[in-house]
A.B. asks: 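My questions all concern the structure below.
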Amino acid sequence: MPAATAASAAGRRTLAVLVLIPVVAALALSIFAWPAARIAPRDLPVGVAGPAAAADAVERGLERHEGAFEIHRYADADAARAAIEDRDVYGAVVVTPGGTELLTASAASPVVAGLLREAVTARAPAGAPVRVTDVVAAPSGDPRGAVLGASLLPLALVGAATGAATVLLGLRGARAVTTLVGAAALAGLVGAALADSWLGALTGDWWAEAGVLGLTVLAIGSAFAGLATLLGKPGFGLGAALTILFGNAFSGMSSAPELLPTGVGALGQWLPPGAGGSALRSVSAFDGAAAGRPLLVLSLWAVAGLAATAFGARRRPAEAAPAPAQAPVPVG
């Protein structure tokens with residue numbers, strides 16, 4: 001290649017990088033910043049309990065925040081507590097002859113607990129303070145949920161690194177599956193040791209927490225490896241977008257899925273980071289309540305990714321194999 005042509009090609013590549021990097025930066029910042037800037041309750045499940053007339057008044061007051069709350073009615077305080085512990089609602093307003101009580105669950109979301117406290121106490125009559133009870137409190141090692149929210153990105157990076165290494169090292173078939181499963185299991189054990197045993201940010205069953213952490217890493221890693229195996233280089237980009245970029249930005253772990261823009265929170269719960277975070281909350285603070293759906297989502301990602309890795313490993317060599325040479329036809 002002539003020197004002038006090589007210099008021109010290098011110049012075009014340099015220009016492409018200079019244009020692409022700001023675009024990628026703007027896209028990444030927008031994906032993370034936009035949901036955070038639009039935090040507000042959207043059909044947030046909240047309970048109301050007490051005598052019919054008093055409960056109706058509370059419900060009307062909450063409905064003034066149009067589209068903010070999804071109201072569930074309960075017969076009494078015990079039923080409302082049970083609903084909170086089962087993760088059916090984030091909190092409940094209980095009206096009794098002795099006054100109004102707000103039941104919250106900061107373990108489900110400290111942000112939502114604070115939001116409910118502000119919304120309910122602001123409408124309380126003068127001289128009638130609202131008693132607040134934290135039914136399922138956040139662990140003392142993570143009272144604001146910061147550790148739990150910050151743990152998703154490292155899990156996504158570990159999973160992506162595992163999937164990328166599996167593909168780039170040329171592991172195929174059963175060996176690739178074993179590597180992905182084994183690395184995820186070890187990552188789960190390490191994560192539980194750090195977040196539970198050391199930091200005290202998780203307080204549930206240790207092995208259940210390790211299992212959820214490991215399954216989250218496996219779902220991300222196998223999805224990354226499966227996409228890269230099937231699609232090649234574009235698969236790496238698609239895997240990174242789903243598991244690192246959109247998955248973390250739309251997870252709702254720093255607030256709650258119902259506080260994100262409409263549709264964003266629901267989408268995030270179908271991606272591994274969001275599903276993993278929800279399952280981890282359930283096993284850590286709620287004895288596994290409402291963990292079934294996020295665990296199913298993680299399992300589907302893991303199975304699909306492992307299958308794609310194994311299938312792609314068999315398919316690509318077959319595609320790359322040269323066609324058999326035809327025997328020469330003898331000339332009679």
Side-chain angles (χ1 to χ4, degrees), residues 9 12-32 152-187 214-251 263-264 266-277 294-323:
R12 288 195 298 271
R13 289 193 294 269
T14 300
L15 180 61
V17 171
L18 293 176
V19 171
L20 182 62
I21 293 301
V23 171
V24 172
L27 178 62
L29 288 172
S30 299
I31 291 173
F32 275 91
L152 285 185
L153 182 57
L155 286 178
L157 293 175
V158 169
T162 303
T166 300
V167 174
L168 295 176
L169 292 175
L171 302 179
R172 297 289 183 266
R175 192 178 297 276
V177 170
T178 301
T179 300
L180 290 167
V181 173
L186 293 174
L215 183 58
T216 303
V217 173
L218 178 61
I220 295 171
S222 60
F224 206 95
L227 289 169
T229 300
L230 291 176
L231 304 178
K233 290 182 179 180
F236 285 110
L238 180 58
L242 291 175
T243 62
I244 297 177
L245 193 58
F246 292 102
N248 280 274
F250 296 172
S251 68
V264 169
L267 173 60
Q269 295 305 297
W270 285 101
L271 298 175
L295 288 177
L296 176 61
V297 171
L298 291 173
S299 299
L300 291 174
W301 276 95
V303 170
L306 293 174
T309 302
F311 169 75
R314 291 197 303 269
R315 186 181 69 121
R316 299 191 80 169
E319 291 176 345

A.B. asks: Just how far is it from atom CG of Leu271 to atom CZ of Phe250, taken to the nearest 0.5 Å?
C.D. replies: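 Spacing of CG (Leu271) from CZ (Phe250) equals 8.5 Å.
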A.B. asks: Check each of Leu245, Val264, Asn248 against Ile31 using the side-chain contact (heavy atoms from CB on, under 4.5 Å) test, and report the only one that passes.
C.D. replies: Leu245
A.B. asks: Between OG1 of Thr229 and CG of Leu171, what distance do you get to the nearest 0.5 Å?
C.D. replies: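 Nearest 0.5 Å value for the OG1-CG distance: 10.0 Å.
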A.B. asks: Looking only at heavy atoms, what is the nearest atom pair of Leu215 and Ser299, with distance?
C.D. replies: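 Leu215 and Ser299 have their closest heavy atoms at CD2-OG, 4.0 Å.
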A.B. asks: Going by heavy atoms in the side chains, are Ile244 and Leu153 under 4.5 Å from each other?
C.D. replies: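 Ile244 reaches Leu153 side chain to side chain.
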A.B. asks: Taking Thr309 for its side chain and Gly226 for its backbone only, find out whether a donor-acceptor pair lies under 3.5 Å.
C.D. replies: yes
A.B. asks: If you compare all heavy atoms of Leu152 against all heavy atoms of Ser251, which two are closest, and at what distance to 0.1 Å?
C.D. replies: CD1-OG, 3.4 Å
A.B. asks: Considering non-hydrogen atoms only, spot the tightest contact between Thr162 and Ala183 and give its length.
C.D. replies: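 Minimum heavy-atom separation between Thr162 and Ala183: CG2-CB, 3.7 Å.
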A.B. asks: Between Val297 and Ala275, which heavy-atom pair has the shortest distance, and what is it?
C.D. replies: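 Smallest interatomic distance, heavy atoms only, reads CG1-CB, 3.8 Å.
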A.B. asks: Please give me the minimum heavy-atom distance between Thr243 and Gly239, naming the atom from each residue.
C.D. replies: OG1-O, 2.6 Å
A.B. asks: Can you measure from CG (Leu27) to CG (Leu20) and round to the nearest 0.5 angstrom?
C.D. replies: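 Result: 10.0 Å between the selected atoms.
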A.B. asks: Short question: side chain of Trp301, backbone of Thr216 - any donor-acceptor pair under 3.5 Å?
C.D. replies: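 Between the backbone of Thr216 and the side chain of Trp301 there is no qualifying donor-acceptor contact (under 3.5 Å).
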A.B. asks: How close do Leu180 and Ala225 get, heavy atom to heavy atom, and via which atoms?
C.D. replies: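 Closest approach of Leu180 to Ala225: CD1-CB, 4.1 Å.
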A.B. asks: Side chains of Leu227 and Leu242, heavy atoms from C-beta outward: is any pair under 4.5 Å?
C.D. replies: yes
A.B. asks: Looking at side-chain heavy atoms only, is the closest gap between Leu267 and Phe246 below 4.5 Å?
C.D. replies: no
